[in-house]
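Remarks on the structure that follows.
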Amino acid sequence: MKTWTVGDVMTVAVESVDESASYRDVVDLLIGKRFSAVPVVDDFHRVIGVVSEADLLRKIEYGGDEAPRIFDGSRRRGERRKALGRTPADLMSAPAVVTFAGASITAAARQMDSEGVKRLPVIDDLGRLAGIVSRADLLKVHLRTDQEILAAVETDVLCTVLPEESATVDVAVVNGVVTLSGRVDRWSSMDIAVRLSRQVPGVVDVTSSLEYRFDDRHVRGIHLGTGLA
């Protein structure tokens, strides 16, 4: 079964800024391209940080009030420093939260959620910028047609993993929702068909009315919801 990766959905032609660019250069780029953030690279095109609209807005937020105060916490002191920044090196958030082209889109989605970011610079083995992937890019998997999903379930799940059951299982896909019906020999075959169908890229949900002849959960040490022991 094909696992969609960041490399399948990322944008390759990606804008970046040099660490020594001017504040105005960054503002012009973000406004002109309607970006909310941009990777910062060094002379070897390695990603060293990300500068965002929020980083740039510190200059407005603290305008004229950048001097540190005795009761400021570390976060507030950092924000005041950014308010004095003139280049991406002064303004950026570092180190950058990055990913690789070979990472699965599932891993990228989890990373975005855990780090609270909307996009990830994609780097190669040397840390150089290779692309960028956004939340919208990850949703491209759901642009697959129902026919493409149907073919993937039949080929990658039934014919490949459960060839003996493929003739007795019917598959239908409507708006990304897979419906499995028919009959299989064992409960474990039904469980595999449902679980692997959920993993097919583009599937929104799986509904099953599959029947089985033999309940092998206790015989093979299988527990509901955990799959094969």
Side-chain angles (χ1 to χ4, degrees), residues 1-12 97-124 130-229:
M1 182 186 302
K2 172 179 170 58
T3 299
W4 279 45
T5 66
V6 167
D8 293 321
V9 299
M10 72 182 188
T11 299
V12 178
V97 181
V98 299
T99 188
F100 295 92
S104 70
I105 61 173
T106 300
R110 289 174 178 166
Q111 187 177 13
M112 287 184 190
D113 182 61
S114 64
E115 297 290 346
V117 297
K118 298 179 180 178
R119 64 196 50 76
L120 297 168
V122 184
I123 61 173
D124 64 15
I132 197 160
V133 63
S134 68
R135 292 175 177 175
D137 290 328
L138 298 183
L139 291 174
K140 289 177 182 177
V141 67
H142 288 293
L143 295 178
R144 299 184 86 187
T145 66
D146 288 345
Q147 193 59 40
E148 289 173 323
I149 295 172
L150 174 63
V153 172
E154 290 179 335
T155 302
D156 298 339
V157 178
L158 297 179
C159 293
T160 301
V161 182
L162 298 170
E164 297 177 358
E165 317 280 6
S166 60
T168 60
V169 176
D170 295 318
V171 185
V173 184
V174 178
N175 294 328
V177 178
V178 175
T179 299
L180 301 175
S181 59
R183 191 175 184 88
V184 294
D185 187 56
R186 297 162 294 167
W187 178 92
S188 58
S189 296
M190 179 200 70
D191 181 56
I192 290 171
V194 172
R195 287 191 294 109
L196 293 186
S197 294
R198 289 188 187 279
Q199 296 174 26
V200 170
V203 169
V204 175
D205 197 7
V206 176
T207 299
S208 173
S209 60
L210 284 172
E211 299 178 352
Y212 51 90
R213 296 182 180 86
F214 178 62
D215 188 340
D216 60 348
R217 281 173 285 186
H218 300 298
V219 174
R220 300 185 61 181
I222 299 171
H223 301 283
L224 185 63
T226 61
L228 300 176

Check your understanding: Does the side chain of V203 reach to within under 4.5 Å of the side chain of I149, using non-hydrogen atoms?
Key -> yes

Exercise for review: Mind checking the OG-CZ spacing from S188 to F214? Nearest 0.5 Å is all I need.
Suggested key: 9.0 Å

Check your understanding: V178 versus L180: any side-chain heavy-atom pair under 4.5 Å?
Key -> yes

Exercise for review: Give a yes or no on whether the backbone of S134 and the side-chain of D137 come within a donor-acceptor separation of less than 3.5 Å.
Suggested key: yes

Practice item. Kindly check if the number of other-residue, nucleotide or ligand heavy atoms within 6.0 Å of CZ (R110) is above 12? Key: no

Practice item. Apply side chain to side chain contact (heavy atoms under 4.5 Å, CB included) to the pair V171 and L158, showing each step before the final yes or no. Key: CA-CA 10 Å; V171 185; L158 297 179; 3.6 Å; yes

Review point. If we only count heavy atoms from C-beta on, is the V204 to N175 side-chain gap below 4.5 Å?
Key: no

Review point. Which one of D170, V169, T168 satisfies the side-chain contact (heavy atoms from CB on, under 4.5 Å) criterion with S181?
Key: D170

**Study point:** Expected output: side-chain S166 to main-chain P163 donor-acceptor under 3.5 Å
**Key:** yes

Review point. What are the two closest non-hydrogen atoms of R144 and P201, and how far apart are they?
Key: NH1-O, 2.8 Å

Practice item. Specify the closest pair of heavy atoms between S104 and V6, including all atoms of both residues, with the distance to one decimal. Key: O-CG2, 4.2 Å

Review point. Are the side chains of M112 and K118 in touch, meaning some heavy atoms are under 4.5 Å apart?
Key: no

Check your understanding: Passes salt bridge (charged side-chain N to carboxylate O under 4.0 Å, His left out), D191 versus R186? Steps please.
Key -> CA-CA 9 Å; D191 181 56; R186 297 162 294 167; over 6 Å; no

Review point. Does any N or O in the side chain of Q111 come within less than 3.5 Å of the main-chain N or O of V98, such that one atom is a donor and the other an acceptor?
Key: yes

Practice item. Answer whether the closest heavy-atom distance between the side chains of T207 and V177 falls below 4.5 Å. Key: yes

Exercise for review: Among T179, V157, D156, find the one that has a side-chain contact (heavy atoms from CB on, under 4.5 Å) with S197.
Suggested key: V157

Check your understanding: Is E165 close to D185 at the side-chain level, that is, under 4.5 Å between some pair of heavy atoms?
Key -> yes

Revision key, fill the gap. CD1 of I105 to CG of L139, rounded to nearest 0.5 Å, is 9.0 Å

Practice item. Provide the closest heavy-atom pair for V141 versus W4 in the form atom of the first, atom of the second, distance. Key: CA-CZ3, 3.7 Å

**Study point:** Qualifying residues under side chain to side chain contact (heavy atoms under 4.5 Å, CB included), relative to A101, sequence neighbours excluded
**Key:** M10, V122

Study note, to complete from the structure: In terms of heavy-atom contacts, I132 and R119 come closest through CD1-CD, 3.8 Å

Review point. V161 versus I192: any side-chain heavy-atom pair under 4.5 Å?
Key: yes

**Study point:** Main-chain N/O of R217 paired with D215 side-chain donor or acceptor, under 3.5 Å
**Key:** yes

Check your understanding: How many angstroms lie between CZ in R195 and OG in S208, if you round to the nearest 0.5 Å?
Key -> 12.5 Å

Check your understanding: What's the shortest heavy-atom distance between L210 and A193, and which atoms?
Key -> CD1-CB, 4.2 Å

**Study point:** Side-chain heavy atoms of R213 within contact of R183, under 4.5 Å
**Key:** yes

Check your understanding: For the residue pair T5 and G102, what are the closest heavy atoms and their distance?
Key -> CG2-O, 3.8 Å

